[in-house]
*Asks:* 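The structure that follows is given in the form of structure tokens.
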Amino acid sequence: MPHRRAFTLIELLVVIAIISLLISILLPALGKAREAARSLKDSTNIRSMIQGLALFGNSNEDRYPLPSRLDNGNATMGFSLSPLEKDNSGNIFSVMIFQQFFPPQLTVSPLENNPRITVDLQYQYRNPDTAASPASALWDPGFAGITDEVGMTGIGAGRRNRGATGNLSYAHVPPFGSRARAWQSSFMSNEAVMANRGPQYDGLPGNWRLVPGPAGEQSLTLKPRGPRVWTGNIGYNDGRVAFSGRPDPTTLMVTYATDVGGGRSQPDNVFVSENDDTGIPLNPDNFPTRGSNVMLKMYGNVDFTPSGLIITPIND
């Protein structure tokens, strides 16, 4: 019988070490490839939704959907104390889904880090049972823009799971107040209209800081691994979508009335409502007051009280 030489223990260990080394080299590359694929799918989602908004605008004098304008007979949401209460993020995107401009799968980003933001697989395109008059409803009120809408005036009772989950990953231009003028189809390449939602900041242009707590430093909108920074896709009114590694892309510049930290022209933080003169955030919650800068948020409740408009922006 011929003698057959077997592998020695040392040879096996060398092979295992080489395989382990190759895996350690390939895994980060595979992770980056998966992340790039998710980012590409996310940009496609945003582009498709902006195209849907533009198509809606074509039949509505270039105006994007306002649930309060559509549901003026209260067939969809009859509880309303003020029509503005209907103009929250969930209802706006539910109008678009109901009219089949895009499916509910597009409203949840492949980059979503919050496990409570899920695709609404129970969306009702006909006779939604949470509507005031199901047969005449103009959208499904069960679709939730954000989580935890239970405590908000009249909204939580109409959401599926009473607000335990949300069905939207994207911030958008405020459709009310002094910034409502931007909630329309302009086809302008420098008008940001949607983005992956982001955290809350304070500071000044060129030196933005995450606020403490779940709305800022602990926000689920931040990159989960490595440095806690926001990265995402920003969609513009001409349908263009661009990836940004920061909340204030250098392609979006604002010129302030005074020097703000090294010059009057600074990149615009799309999640902050800055004072047009000083660049200082106008309030801790970044209420969407008038400004020439971009302001993208998600909104859970819009309420008109004797003291004025109360809006609940969502950052987590």
Side-chain angles (χ1 to χ4, degrees), residues 36-71 76 86-112 117-121 123-126 138-140 143-146 166-176 179-198 221 231-244 247 249 251-252 268 270-271 288 294-299:
R38 286 195 293 265
S39 181
L40 180 60
K41 176 65 168 57
D42 178 76
S43 69
T44 301
N45 285 9
I46 295 176
R47 184 178 296 106
S48 297
M49 285 188 284
I50 293 176
Q51 289 172 348
L53 288 170
L55 288 172
F56 181 95
N58 283 343
S59 303
N60 292 273
E61 300 177 340
D62 291 332
R63 296 181 296 188
Y64 291 154
L66 270 183
S68 61
R69 182 185 297 135
L70 298 171
D71 192 39
T76 309
K86 302 176 185 180
D87 295 335
N88 57 69
S89 300
N91 290 339
I92 288 170
F93 283 83
S94 187
V95 167
M96 298 297 293
I97 295 169
F98 198 80
Q99 296 192 20
Q100 300 189 43
F101 285 101
F102 47 75
Q105 285 81 0
L106 260 64
T107 64
V108 176
S109 170
L111 301 172
E112 181 60 63
I117 303 294
T118 62
V119 175
D120 186 358
L121 298 177
Y123 193 91
Q124 297 175 305
Y125 291 91
R126 297 183 63 185
L138 299 173
W139 70 86
D140 180 0
F143 181 89
I146 63 168
N167 309 123
L168 181 64
S169 296
Y170 300 100
H172 56 89
V173 169
F176 37 70
R179 287 183 179 261
R181 56 186 169 77
W183 187 242
Q184 62 181 346
S185 180
S186 66
F187 298 99
M188 298 291 290
S189 61
N190 61 344
E191 284 187 1
V193 66
M194 282 184 63
N196 300 102
R197 72 186 194 284
T221 66
T231 63
N233 290 300
I234 300 175
Y236 297 83
N237 239 331
D238 63 344
R240 178 175 63 92
V241 180
F243 176 80
S244 177
T251 53
L252 274 178
D268 183 11
V270 298
F271 304 120
V294 176
M295 173 67 170
L296 305 177
K297 290 285 181 183
M298 290 174 61
Y299 298 91

*Asks:* Going from CG on Asn196 to CG on Leu296, what distance comes out if it is rounded to the nearest 0.5 angstrom?
*Replies:* 10.5 Å
*Asks:* Just checking, is any N or O donor in the side chain of Ser186 or Asn237 under 3.5 Å from an acceptor N or O on the other one?
*Replies:* yes
*Asks:* Taking the side chain as every heavy atom from C-beta outward, state whether Tyr64 and His172 have any atom pair closer than 4.5 Å.
*Replies:* no
*Asks:* Which pair of heavy atoms, one from Ser39 and one from Asn233, lies closest together, and at what distance?
*Replies:* O-ND2, 3.2 Å
*Asks:* Taking all non-hydrogen atoms of both residues, which atom of Thr76 and which atom of Leu138 are closest, and how far apart?
*Replies:* OG1-N, 2.9 Å
*Asks:* Do Phe243 and Thr231 have side chains that approach each other closer than 4.5 Å (heavy atoms only, starting at C-beta)?
*Replies:* yes
*Asks:* Answer whether the closest heavy-atom distance between the side chains of Phe271 and Pro247 falls below 4.5 Å.
*Replies:* yes
*Asks:* To the nearest 0.5 Å, how far apart are CE in Met96 and CG in Leu106?
*Replies:* 11.0 Å
*Asks:* Indicate yes or no: at least one non-hydrogen side-chain atom of Tyr125 is less than 4.5 angstrom from one of Ile97.
*Replies:* yes
*Asks:* Measure from the side-chain N and O atoms of Asn60 to the backbone N and O of Arg63, and report whether any donor-acceptor pair falls under 3.5 Å.
*Replies:* no
*Asks:* Just by distance, no angles: are the side chains of Ser94 and Tyr123 close enough, under 3.5 Å, to form a donor-acceptor pair?
*Replies:* yes
*Asks:* On a heavy-atom basis, which atom in Thr118 and which in Asn167 lie closest, and how many Å separate them?
*Replies:* O-ND2, 2.9 Å
*Asks:* Taking all non-hydrogen atoms of both residues into account, name the closest pair between Gly90 and Phe143 and its distance.
*Replies:* O-CD2, 3.3 Å
*Asks:* To the nearest 0.5 angstrom, please state how far the NZ atom of Lys86 sits from the CG atom of Asn91.
*Replies:* 9.0 Å
*Asks:* Taking all heavy atoms of Val173 and all of Arg179, pick out the closest pair and write down the distance.
*Replies:* CG1-O, 4.1 Å
*Asks:* So do the side chains of Asn45 and Pro110 get within less than 4.5 Å of each other, counting heavy atoms only?
*Replies:* yes
*Asks:* Under 4.0 Å between a side-chain nitrogen and a carboxylate oxygen: does that hold for Arg38 and Glu112?
*Replies:* no
*Asks:* Please determine, by modelled atom types, if Asp87 and Ser68 share a side-chain donor-acceptor pair under 3.5 angstrom.
*Replies:* yes
*Asks:* Would you call Ile92 and Pro67 a side-chain contact if the rule is heavy atoms closer than 4.5 Å?
*Replies:* yes
*Asks:* Starting from the C-alpha separation in whole Å, work towards a yes-or-no answer on side chain to side chain contact (heavy atoms under 4.5 Å, CB included) for Tyr236 and Thr251.
*Replies:* CA-CA 12 Å; Tyr236 297 83; Thr251 53; 4.1 Å; yes
*Asks:* Quick one: do Leu121 and Gln105 satisfy side chain to side chain contact (heavy atoms under 4.5 Å, CB included)? Show the steps, please.
*Replies:* CA-CA 8 Å; Leu121 298 177; Gln105 285 81 0; 4.2 Å; yes
*Asks:* Which heavy atom in Gly52 sits nearest to a heavy atom in Phe101, and how many Å separate them?
*Replies:* O-CD2, 3.7 Å
*Asks:* Taking C-beta and beyond as the side chain, do Pro65 and Leu53 meet within less than 4.5 Å on heavy atoms?
*Replies:* yes
*Asks:* Check whether any side-chain N or O of Asp268 sits under 3.5 Å from a backbone N or O of Leu252 as a donor-acceptor pair, and report yes or no.
*Replies:* no
*Asks:* Is the shortest side-chain heavy-atom distance between Ile117 and Arg197 below 4.5 Å?
*Replies:* yes
*Asks:* Between Tyr170 and Phe93, does the ring centroid distance fall short of 6.0 Å?
*Replies:* no
*Asks:* Can you confirm whether more than 12 heavy atoms, excluding those of Arg181, are under 6.0 Å from its CZ atom?
*Replies:* yes
*Asks:* Do Asp42 and Ser109 pair up side chain to side chain, a donor and an acceptor below 3.5 Å, judged on atom types alone?
*Replies:* yes
